[in-house]
Structure formats: structure tokens, C-alpha cells
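Taking it in order: structure first as C-alpha cells, then the write-up.
Numbering of ligands and ligand atoms starts at 1, following listing order.
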Amino acid sequence: MGLALGCGIVLSMMMALWVNRWEQLSRRTQFQQQSNNLTTALQRNLNRYTDVLLSIQDLYRVADNQVTEAMFGRFVQRALMVYPGIQALEWAPRIDHGDRPQYEQHLTQLGRGTATITERYANGQLGPATDRPDYIPVTYVEPWEGNEVALGYDLASDPIRRAALDQARDTGHLAATGRIRLVQETAAEQYSFLVFLPIFAEGNSAQGSPRSPDPLLGYVLGVFRVADVVEEALQDFSYTVDFRLYDLTGPPDQQFLGQYATTSQQVSIPANPAPLRSVSRSSLCPTVAACRQTLTFAQREWAIEFDPTSGGIATFPWGATSTLVLGLLLTGSLLLVLSRSQAEVERTREISDLKLRFFSMASHEMRTPLSIILVSAQSLAANHQTWSEGQRAKTIERIQTITKRMTQLLSDILTLSRAEANHLDLAPEIVDVTHLSKQLVDELQPELHPGQTITVEAQLTSPQAYVDPKLVRSILLNLLSNAIKYSPAHSPICLHLSQTAKTLTFRVQDQGIGIPAIAQARICETFYRGDNVGDIPGTGLGLAVVKTCVERHQGNLSIHSQEHQGTTVTVCLPWVD
Ligand code: ADP
């Protein structure tokens, strides 16, 4: 059993460890796969957006920079439909201060609610731009709905936008801004960014060489909300890892762009955004670098930091735990089966021991009385003419006594073997216990030693009890027989009957040889006899029968005895009216 338990536990733990390692590996692969997929999707979308801007640049080239608002609108229509991550595509020309009145007059004529070049003041209000040498006002806006306030807004009025405008102009390439709040942003909970592409008078802006600002006509630009960009990238696959976006090119206090939570499936900006490299490492990505991927576009670098502790990829080792539990359960069941079969073997051995003891006892206990009966019967047959009446009666009585003892022995064996085979039935019925006791006492009269008496004391409110008469008879017969056998002549025996609200109690009391203290613990075992019995006949089955019958009745048995003083046996049976 110990070996089976040890092997079971060790095997279960080994299996659990193996499953745990496998689980960890598959979780790490899943995590890496998801982060790679998202990075690829985001990078691909950003590339597409910049492609759209480059294609608008081509339009300017083809149209010799003479692009009307209507042409612009038609050209970008398809891109706006295909890429929901684009908030707006715009054209912002460079306007010299001298041309401002003419430009503003044009704005007024458009009749779209904007009559001046605007800028945002320190108090957050939008109003007429202060005088500057030149302006980059937003002029074509697609789509118009939702972006109305952008019309006339001077992009150069804001330092972050200005930095990207200058970078684009100086390099001739696409340049993205750091995080900004859009003039048309109403909710203000999201960061956005703009991507500028300069358009020069010659229309060959993409040479990469530094240029003077003179030939610059203006910029085509894309307006993007971080949340829309991320959501568009996520729409094609099921994604379960939280992440945060940072703009590595921006100053440290302006790097955080937003965080995506799989629970809400939204990008949000918390009150205290987590700083860069603050992801908690785990088995999914043991180093900060392993939790991170970077993107580059329009002269900026972004970082995505994935949160391995987010609920999407379960980190609890369910597989390993259930393997361990299953393994231990299997071990437990195996042990149960083993212990059962061991108990079965034990029982079989006990039964065969019992049988052996029974056969040796039977051969001993039955041979002697049978030979006495045979000899007595033979003598009676041979001498019945010559023997006196008294001699004949004595011989017949001896035969009867021995036969009764043998009958008792056989009935004890029957009771015990029935109980052993679980066939000792309990058949309670209404019994007059006083009458039953008196009847038994009468039956036992011939057994009494000279001068012995049995008194029946009944303290019953009602003599009727709901008990099994056969079992009660067996109990009383054995207890009274023992009291008679183990008491000397002229000693009193008392059978006391009483009842409480719940029990019916028999107490058999004698003043006989008593049971030695050392034997009392084992006295109810089959074939066990006290070593003070001398040549008093007995089989060691009586008390075992009593105990069996009491247990079958769900009662209890107690024995108080002192050597040379006497014995009191008390039987309590649950009382049923
Ligand atoms: P048996 O009487 O046939 O030996 P029991 O099972 O009835 O078998 O009793 C077991 C043993 O308990 C007896 O051998 C005896 O040692 C002891 N015993 C039982 N009842 C008494 C009693 N009333 N007085 C003294 N000893 C007793």
C-alpha cells in the first residue's frame, strides 16, 4: 500500500510537472503570437495610411498642383471608406501673412461658418490667429462632417504640429506629430496624431535633400485617432492581451498614447498612465524587452508594451492542477481498491481460522457428550431390567442434559454463522418481556445447582416491548446459563428488568467466580474463555452470541465483574412502544 501510494504521488507529480511545462510553453507561444500579430497588423495599417498620403501627393504631381476641393474630395473618398482608422484627410496650404486677407475672404465666401485663420489660445478657446509671417491653415477637409472646426485652423500655431511640419518640409518626407488633442475632438479622452507630407512647387518633393521653404506650397495630411487606428488593426482577429502604446520619439512626459483593455475592448487614457517599461514580467515574457515590440512610420518610433498579467491568456496552471488532482484521485481509488481487497483477504483468513477453530472445538466438544450419550444409552439398554427406577431416571436425565447442551451449542453456532453472513434478521414484534423472562427461568430450573435461585425483578410501566423475541431469548438464555454455570451452589441469581423512555434494560447479576480483569477486554470474542473456569464446561460462544444479538438490535452490552465476587451483565435495547 505504501509503495502504491508513493508511486502514485510521484507519478502524479511528474505528470503535473510535465503538463505544467507544456502549458507554459503553449501560453508563451500564444502570447508571442498575439503580440506579433497585433504589431504586424498595426504596422501594416500605418503603412497603408502613409501610402494614402503618398497617393494624394501623386495627385498633386499629376494635376500640376492645381487640385481643387472637389477633386481632392473625390480622390480621397475610397480611402476614407476602406480605412475607418482615418479620421480625416486634409490639405493645408502655406499662406504668407500678406495673403491672409485674401485667404480669409475666400473662407468667408465658402460660407461654412469660418471666416478667419484660427488658432487655439492658452485657455483652450479657438479664435482668430495672431499675426505671423506665414500660416498653414486647414483648407480641404474630408470628410466634412465631424471635422468642421478644423477648417481654417493654422497647423503652424501649435508647437507639436509645427515641429512635424518643419521636419516634413526639411526632409521632404512624411513626418508624424507626437500625441496631440484634435481641434475637432469633442470627447477629449483620446490622443491623436497627424501625418504631414509636404507639397513643393516643382512637385518633386521626395528628393530627401534639405530645401529652403520658398517652393513649399503646403501639406497634405492625415488625421488619426489612436483609438480608431488600434481598433481597425484589431478588427480582423480575436485578441486577448492588454497592451499600452508609447511614442518613443516624443519627450518622456508625452510618450503615453493609450492603453487597450481586452475586457472593455477599448483604448482608454487613465488618470495616471503607467510609464514606459513598467510592465510586470511573468513566465510569458521573462524580460521587459520580451513584452515589447516597436513600430516605425513617418519618422517616428512607437513601442507597444504587452501586459502578460492581463486576463486574456490564463496564467493559472489549470492543466497541471487538474492532472495532479486526477492523479491523486486515481491513486486514492487504487488504494481504496487495494485496501478493500486486503480487507477481503484478511476476512477470508479470519473465516478460515474460525472454521478451523470450530472444527477442532466441535470434534472436542461433541465427541465427549456423544460418547456419554452412547455409553448411557447402551448401559440403559443392557441393564434396564436390572436397574432400579432411580438409576434409569438418572441415566435418562444425563442424556437429556447433554443433548440440551449440544442443542444450545449448535444454535449458538447457527446464530454466529448467520450473523457472519449478514443473514441474522431482526424481526421485532410485541413481546411480553416479563412473561418471556419467567418462561426462560422455568426452563433453566433443571440446570440450577443445589440451593441456587433465580429471582426476576421487573420495574416496567408496561410489560409489552417491541423487540425480536428470538434474539432476546438467545441473549437471556446465554446470560442466565453463564450465571448458573459460574456460580456456586446456594448462591442467588437476579434477573432485573427495567425501562426508561428510550430503552429496555436486562441486568443479570450473580455472585460467582467472576471474570479475571485481564480477560475482560476479550471476553466477548468467539471461543475465548477466562482461565479461572477450571472444569466448568463451555464453548466460549455464549457471550459472542449475546454481543451479536445486542448489536443486531442496535443496543449495547456492558459487563462488570470482579474475580471471586460476581458478575453483572447489563443489556440495553432501544425501546420501541
Ligand atoms: P462459555 O460459557 O461457553 O465458556 P461464553 O462466551 O458464554 O462461553 O463465556 C465466555 C467466558 O466468559 C466464559 O468461559 C467465562 O470465562 C466468562 N464468563 C461468562 N459469564 C460469566 C459469569 N457469569 N461469571 C464468570 N465468568 C463468566
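- Ring geometry, Phe243 versus Tyr260: the interplanar angle falls under 30°, so the pair is classed parallel (tilted spans 30 to 60°).
- For ligand 1, the atoms closer than 4.0 angstrom to any heavy atom of Gly540 are 1 (P), 3 (O), 4 (O), 6 (O), 8 (O).
- Between Phe506 and Ser498 the shortest side-chain heavy-atom distance does not fall below 4.5 Å.
- Put simply, part of Gly514 is less than 4.0 Å from ligand 1, judged by heavy atoms.
- Where the criterion is an N or O separation shorter than 3.5 Å, residue side chain and backbone included, Pro537 fails it with respect to ligand 1.
- Against a heavy-atom cut-off of under 4.0 Å, Gly538 is close to the following atoms of ligand 1: 1 (P), 3 (O), 4 (O).
- From the protein, the heavy atom lying nearest to atom 7 (O) of ligand 1 is Asn482 ND2, 2.7 Å.
- Contact annotation: the side chain of Asp432 never approaches that of Leu436 to less than 4.5 Å [non-hydrogen atoms, C-beta and beyond].
- Looking only at side-chain heavy atoms (C-beta outward), Gln509 and His496 stay at 4.5 Å or farther from each other.
- Residues Leu444 and Leu477 have side chains in contact (heavy-atom distance under 4.5 Å, counting atoms from C-beta outward).
- The single protein non-hydrogen atom nearest to atom 16 (O) of ligand 1 is Gly530 N, 2.8 Å, given as residue, atom name and distance.
- Residues Val456 and Ser437 share a closest heavy-atom pair of CG1-CB, 4.4 Å.
- For the side-chain hydrogen bond (donor to acceptor under 3.5 Å, both in side chains) test, no residue two or more places apart in sequence or in another chain qualifies with Asn482.
- Side-chain contact between Thr294 and Trp302: absent, with no pair of heavy atoms (C-beta onward) separated by less than 4.5 Å.
- Under a 4.0 Å criterion applied to the non-hydrogen atoms of Leu541, ligand 1 contributes the atoms 6 (O), 8 (O).
- Contact check on Arg340 versus Glu344 returns no salt bridge, with no Lys/Arg side-chain nitrogen under 4.0 Å from an Asp/Glu carboxylate oxygen.
- Of the protein's non-hydrogen atoms, Leu543 N, 2.7 Å is the one closest to atom 6 (O) of ligand 1.
- Contacts of Val545 with ligand 1, taken as heavy-atom pairs under 4.0 Å, are absent altogether.
- Atom 10 (C) of ligand 1 has Tyr528 O, 3.4 Å as its closest protein atom, hydrogens excluded (heavy atom only).
- With a 4.0 Å heavy-atom cut-off, ligand 1 is reached by the side chain of Val533 but not by its N, CA, C or O.
- Proximity annotation for atom 11 (C) of ligand 1: of Ile536, Val546, Ile523, Ile484, Ile523 comes nearest, heavy atoms only.
- Per-residue contacts place Gly542 under 4.0 angstrom from the following atoms of ligand 1 (heavy atoms of the residue considered): 5 (P), 6 (O), 7 (O), 8 (O).
- For atom 23 (N) of ligand 1, the nearest non-hydrogen atom of the protein is Asp510 OD2, 2.8 Å.
- Within the listing of ligand 1, atoms 1 (P), 3 (O), 4 (O) sit less than 4.0 angstrom from a heavy atom of Thr539.
- For ligand 1, the atoms sitting less than 4.0 Å from at least one non-hydrogen atom of Lys485 are 1 (P), 2 (O), 3 (O), numbered in the order shown with element in parentheses.
- Closest protein heavy atom to atom 26 (N) of ligand 1: Ile515 CG1, 3.4 Å.
- Under a 4.0 Å N-O distance rule, the pair Arg347/Glu350 does not qualify as a salt bridge.
- Regarding atom 21 (C) of ligand 1, its nearest protein heavy-atom neighbour is Tyr486 CD1, 3.4 Å.
- The main-chain N or O of Gly85 is never found under 3.5 Å from a side-chain atom of Arg225 such that the two would form a donor-acceptor pair.
- The proximity of Thr567 to ligand 1, defined as any non-hydrogen pair under 4.0 Å, is limited to the side chain.
- Within a 6.0 Å radius of NZ in Lys470, no more than 12 heavy atoms belonging to other residues, nucleotides or ligands are found.
- At the shortest separation from atom 14 (O) of ligand 1 among protein heavy atoms lies Arg529 NE, 3.0 Å.
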